[in-house]
Q: 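The structure is given below, and queries will be raised subsequently.
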2 protein chains.
Amino acid sequence: METPVVVNLTLRKNQVGAGCSRMSRRDITSFPARCSECNLRRACLPGGMEEREIDCFNRLVHTRHRVERDESLYRAGDTFKSLYVVRSGFFKTYAIFEDGREQVTGFQMVGEIIGMDGIETDTHQLYSVALEDSEVCVISFASFEEVASHILTLQHQFHKMMSRELTHARGMMMLLGGMRAEERIAAFLLNLSHRLVIRGYAATEFNLRMTREEIGSYLGVKLETVSRTLSKFQQQGLISVQQKYLKIHDIEGLNRVANSAALPGGVEAVA
Amino acid sequence: METPVVVNLTLRKNQVGAGCSRMSRRDITSFPARCSECNLRRACLPGGMEEREIDCFNRLVHTRHRVERDESLYRAGDTFKSLYVVRSGFFKTYAIFEDGREQVTGFQMVGEIIGMDGIETDTHQLYSVALEDSEVCVISFASFEEVASHILTLQHQFHKMMSRELTHARGMMMLLGGMRAEERIAAFLLNLSHRLVIRGYAATEFNLRMTREEIGSYLGVKLETVSRTLSKFQQQGLISVQQKYLKIHDIEGLNRVANSAALPGGVEAVA
DNA sequence: CGACCTTTTGAACGTATTCAACCGATGTGG
DNA sequence: CCACATCGGTTGAATACGTTCAAAAGGTCG
């Protein structure tokens with residue numbers, strides 16, 4: 001990476017207007033709240049850093065960014081410049097097969113990082129789209145690497161986050177390679193619930209932000225199978241669903257369904 | 001990572017004898033050939049580094065290590081201390097479900113890195129086993145991070161390698177989530193072939209180092225399906241197989257089978 | 001309100017799994 | 001060195017799971 005370390009406020013400036021659903025310039029709100037005051041700081045990149053270091057890191061976060069529902073954060077083929085941390089809202093990433101089929105590769109909620117798919121080739125491999133009105137913090141990757149080389153904690157934290165991505169991907173490989181439809185869907189619900197709990201939300205009651213088709217695409221089953229399975233879980237009294245609204249009645253029961261082929265490391269590692 | 005940067009020559013010393021197939025001390029050959037003279041250097045971690053930097057990096061590689069067929073390089077639960085680069089031979093990594101089932105998560109050949117599954121938690125998540133007599137270079141990760149903070153090229157190269165791991169894992173997610181058995185197996189063969197070519201081996205003729213069961217586990221199908229599919233490919237004149245020996249007759253034909261659901265980025269990204 | 005999209009549910013179908021038998025290669029011990 | 005046990009691989013037949021096709025209901029948004 002030869003890029004000089006300069007502040008890049010005009011993020012993706014050449015791409016505005018390239019597509020109908022791209023981010024437009026007015027969305028850029030210059031200067032976010034400070035990282036040291038952000039309540040996501042523990043889970044975010046500065047995790048484990050000292051006050052002084054966080055201030056230093058803070059300089060990397062040039063912009064906060066609004067992304068409306070159905071807007072792209074980036075697209076496959078876009079030049080990779082930045083990582084994004086979800087500050088509010090909900091995203092999906094997906095890839096497109098040559099034959100046009102779309103496969104969801106992940107859902108990201110508050111505090112999670114988006115954009116690592118661009119690091120290898122300096123070009124994004126995936127599409128990232130907001131599933132609801134959202135906000136992200138934008139971190140210039142070149143600057144980030146520069147700073148990380150001065151702050152070992154940060155470097156290590158980043159390696160851990162990439163490693164966590166890998167763990168997650170591996171969990172998905174195991175889910176897709178070794179679990180049946182019911183198990184996958186149970187694991188998926190438990191994972192969602194788990195991630196919500198961590199963020200202080202209710203564990204057993206939430207709105208699905210994605211469609212059945214997106215869930216199915218992510219889990220490697222058809223949307224009809226998702227629908228049928230959710231109905232079945234409802235009949236069994238494990239959950240209740242009406243459209244996007246989902247309530248888990250028997251988290252232990254779901255665990256039993258998922259755990260008939262459970263992964264070591266539990267729910268975090270899956271889906 | 002609070003670990004002080006010290007040379008750790010007595011790699012995994014407390015674990016010798018813990019299991020029957022562990023590496024034993026006599027396997028440690030102190031000091032390998034120099035990285036700058038290694039013909040893997042381009043593809044390996046020092047990729048893109050200058051002569052001077054490579055020398056610096058070279059100091060990280062404390063030991064070369066023999067691992068015999070069926071021996072573990074590490075096991076899930078082991079403390080993570082080092083990354084390993086395959087210098088010769090062939091490995092598989094796998095995870096074990098709670099119910100005892102084993103799932104292969106990857107095959108590694110010459111020049112590929114093993115061990116990143118330990119970074120997140122400082123504990124290995126996977127098992128790594130040699131499928132034939134092999135040799136690895138051992139890189140202390142703490143020292144590595146230290147050095148990487150001084151050599152931006154190295155840091156960036158490492159980020160790229162982790163990112164490549166992610167790309168690969170994502171490719172597998174797509175393969176497992178979106179392809180049918182025939183497609184998976186075709187993609188797998190093409191991927192093997194591709195990786196061999198890169199390393200200067202014949203593209204169309206090689207010995208499978210793994211069993212049908214391991215292939216199946218990796219691809220999310222049963223061993224019988226692997227066997228049947230290989231037989232079918234043979235009948236179609238695409239390949240010929242006898243036991244482990246495999247010859248590809250029609251690489252384009254295989255491509256067509258795999259490409260009925262091809263991934264963007266081609267064969268590299270898959271399997 | 002009407003058009004469209006998402007979801008649900010049913011029935012027929014197809015692919016991969018399961019169960020089982022058999023073959024061949026490999027390796028060990030008498 | 002051969003006999004035998006074991007492991008890996010192949011192949012067939014029955015089964016099960018998830019898909020596909022189809023129709024209709026429920027929501028959402030202009």
Side-chain angles (χ1 to χ4, degrees), chain A residues 68-70 92 99 101-104 129 131-133 175-189 207-236 239-247 257 260-261, chain B residues 68-70 92 99 101-104 129 131-133 175-189 207-236 239-247 257 260-261:
Chain A
E68 277 168 40
R69 186 167 193 272
D70 293 331
K92 72 169 174 181
D99 61 16
R101 273 184 308 138
E102 184 178 313
Q103 174 143 351
V104 174
V129 169
L131 294 183
E132 63 181 34
D133 292 352
L175 178 142
L176 293 166
M179 287 166 117
R180 291 177 308 134
E182 279 185 26
E183 300 168 340
R184 297 183 197 192
I185 287 157
F188 173 71
L189 295 179
N207 280 296
L208 298 169
R209 298 289 156 55
M210 68 295 279
T211 66
R212 304 286 189 266
E213 184 164 22
E214 286 163 334
I215 296 174
S217 168
Y218 182 55
L219 298 179
V221 297
K222 293 293 157 195
L223 69 96
E224 294 93 330
T225 305
V226 175
S227 181
R228 268 187 254 275
T229 307
L230 290 178
S231 300
K232 187 176 174 188
F233 285 170
Q234 182 161 38
Q235 281 179 350
Q236 296 173 334
I239 62 171
S240 51
V241 258
Q242 31 190 336
Q243 300 294 124
K244 306 280 193 196
Y245 174 77
L246 192 140
K247 187 164 190 170
V257 174
S260 56
Chain B
E68 278 168 39
R69 185 168 193 273
D70 293 332
K92 71 168 175 182
D99 61 15
R101 272 183 308 136
E102 186 179 311
Q103 173 143 350
V104 174
V129 169
L131 294 183
E132 63 182 32
D133 292 352
L175 178 142
L176 293 166
M179 286 166 116
R180 291 178 308 134
E182 278 186 28
E183 300 168 340
R184 296 183 197 193
I185 287 157
F188 174 71
L189 295 179
N207 280 297
L208 298 169
R209 300 287 154 59
M210 67 296 278
T211 65
R212 305 286 189 267
E213 184 164 21
E214 287 164 334
I215 296 174
S217 168
Y218 182 56
L219 299 179
V221 298
K222 294 294 156 195
L223 68 97
E224 294 94 331
T225 305
V226 175
S227 182
R228 266 187 256 276
T229 307
L230 290 178
S231 299
K232 187 175 174 189
F233 285 171
Q234 182 162 37
Q235 281 180 350
Q236 297 174 333
I239 62 172
S240 52
V241 259
Q242 29 189 337
Q243 300 295 121
K244 306 278 194 198
Y245 174 77
L246 192 139
K247 187 163 189 169
V257 174
S260 57

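The chains referred to below are lettered A, B, ... by the order of the sequence lines, with proteins before strands, and numbering in each begins at 1.
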Q: To the side chain of A:R212, which of C:dA20, D:dG9, C:dT8 is closest?
A: C:dT8
Q: How is A:T211 classified with respect to the nucleic acid when contacts are heavy atoms under 4.0 Å: base, sugar-phosphate, or nothing?
A: sugar-phosphate
Q: So if I take every side-chain heavy atom of B:Q243 and compare against D:dG9, C:dT17, D:dG18, which nucleotide ends up nearest?
A: D:dG9
Q: Is there a side-chain contact between A:V257 and A:I185 in this structure, where contact means two heavy atoms from C-beta onward sitting under 4.5 Å apart?
A: no
Q: So what does B:L230 hit on the nucleic acid, given a heavy-atom distance under 4.0 Å: a base, only sugar-phosphate, or nothing?
A: nothing
Q: Closest approach to the side chain of B:L223, judged atom by atom: which nucleotide of C:dT17, D:dC21, D:dT10 is it?
A: D:dT10
Q: Got a donor-acceptor pair under 3.5 Å from the side chain of B:R228 to the base of C:dT18?
A: yes
Q: Quickly, which of B:Q103, B:K92, B:R209 forms a side-chain hydrogen bond (donor to acceptor under 3.5 Å, both in side chains) with B:E214? Name it, please.
A: B:K92
Q: Looking at A:M210, is its backbone amide N or carbonyl O close enough to the side chain of A:K244 to form a donor-acceptor pair, meaning the two atoms are under 3.5 Å apart?
A: yes
Q: Heavy atoms from C-beta onward define the side chain here; which of D:dT10, C:dT6, D:dT20 lies closest to that of A:K222?
A: D:dT20
Q: Quick one: label A:K232 by what it contacts on the DNA or RNA (base, sugar-phosphate, nothing), any heavy atom closer than 4.0 Å.
A: nothing
Q: Looking across every strand, which nucleic acid part, if any, lies under 4.0 Å from B:T225 by heavy atom: base, sugar-phosphate, or nothing?
A: base
Q: Rounded to the nearest angstrom, tell me the gap between atom CD in B:E182 and atom C1' in C:dT17.
A: 16 Å
Q: Side chains of A:R184 and A:L176, heavy atoms from C-beta outward: is any pair under 4.5 Å?
A: yes
Q: Checking contacts here: which listed nucleotide (D:dG8, C:dT7, C:dT8) is nearest the side-chain heavy atoms of A:S231?
A: C:dT8
